[in-house]
Colleague: 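Just passing along the structure, written as structure tokens.
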Amino acid sequence: MQSMPYASGPRNSILPALPRADWDAIKSKFEEVPLNFGDVLVEADKPARRVYFPLAGVVSTVALFDTGASVEMATIGAEGVVGIAAVLG
């Protein structure tokens, strides 16, 4: 998926903002991952293993309560990033 940030169509808006030389230096680390509704990308109290740059659709940040109830706290689309703690520590 090496042409990802510079491809046409709806793609993540963060990656094309990188200088081309920076993208060229890191692009081999990227892969497009198909996701399905309900997939868990990052779990609370567990280290993030990957960073996701959504290309289409949205990713929800959901809080789960001991009662079994849940609430959507945020949505991240093609303008954002999920799992940034994997990079920041």
Colleague: Identify whether I76 and V51 are in the same connected component of the hydrophobic contact network (ILVMFWY, side-chain heavy atoms under 4.5 Å).
Modeller: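 Each belongs to a different hydrophobic cluster.
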Colleague: Going only through I, L, V, M, F, W and Y residues with side-chain contacts under 4.5 Å, is there a path from V33 to L41?
Modeller: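 Shared cluster, yes.
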Colleague: Indicate the atoms forming the closest heavy-atom contact of S60 with T75, along with that distance.
Modeller: OG-CG2, 4.0 Å
Colleague: To the closest 0.5 Å, what do you measure between NZ (K27) and CZ (F30)?
Modeller: 11.5 Å
Colleague: Is there a path from V62 to V58 through hydrophobic residues (I, L, V, M, F, W, Y) whose side chains come within less than 4.5 Å of each other?
Modeller: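 No, because V62 and V58 fall into different hydrophobic clusters, even though each may have its own neighbours under 4.5 Å.
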Colleague: Between G83 and V42, what is the shortest heavy-atom contact and its length?
Modeller: CA-CG2, 4.1 Å
Colleague: With clusters defined by side-chain heavy atoms of hydrophobic residues (ILVMFWY) lying less than 4.5 Å apart, directly or transitively, does I26 cluster with L15?
Modeller: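 Yes, it is one cluster - the side chains of L15 and I26 are joined through contacts under 4.5 Å.
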Colleague: Linking Ile, Leu, Val, Met, Phe, Trp and Tyr through side-chain heavy atoms less than 4.5 Å apart, which residues share a cluster with V71?
Modeller: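 Its cluster mates, by chain and number, are F65, M73.
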Colleague: Report the distance from atom CD of E31 to atom CZ of R50, rounding to the nearest 0.5 Å.
Modeller: 5.0 Å
Colleague: So do the side chains of I14 and F53 get within less than 4.5 Å of each other, counting heavy atoms only?
Modeller: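 I14 vs F53: side chains touch.
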Colleague: Answer yes or no: is there a donor N or O on one side and an acceptor on the other, between the side chain of N12 and the main chain of G80, under 3.5 Å?
Modeller: yes
